[in-house]
Amino acid sequence: MDSRGLFDIALVALAGILAYTETFGFASPRATLEEILAIVAGLDVRVYLVLGGVFGICFVAYLTVYLPQKDARTMQR
């Protein structure tokens, strides 16, 4: 992994930690984890269907748009 990839991972981790502490503060992590799991478990099934559909659309677009372009660029070399 190059230095840019490590830097990006560090930025994502830092942003996640800051978002977590901004939302839940420095309270007990076990209590907040249980709250998060309760919220996720309490979501309606339609939310999961929409998220799955969005993921599916992005995945199919990746397969049909990005990969053929990448393969065409590789074949030209």
Worksheet item: Only one of Leu63, Thr64, Val65 forms a side chain to side chain contact (heavy atoms under 4.5 Å, CB included) with Leu67, so which one is it?
Response: Leu63
Item to complete: Determine whether Leu51 and Val40 fall in the same hydrophobic cluster, where Ile, Leu, Val, Met, Phe, Trp and Tyr are linked whenever their side-chain heavy atoms lie under 4.5 Å apart.
Response: yes
Item to complete: Please list, chain by chain and in numerical order, all residues satisfying ring-ring contact (aromatic ring centres under 6.0 Å, His included) with Phe55, sequence neighbours excluded.
Response: none
Practice prompt. Looking only at non-hydrogen atoms, find the nearest pair between Ile36 and Tyr20 and report the distance.
Written response: CD1-CE1, 4.4 Å
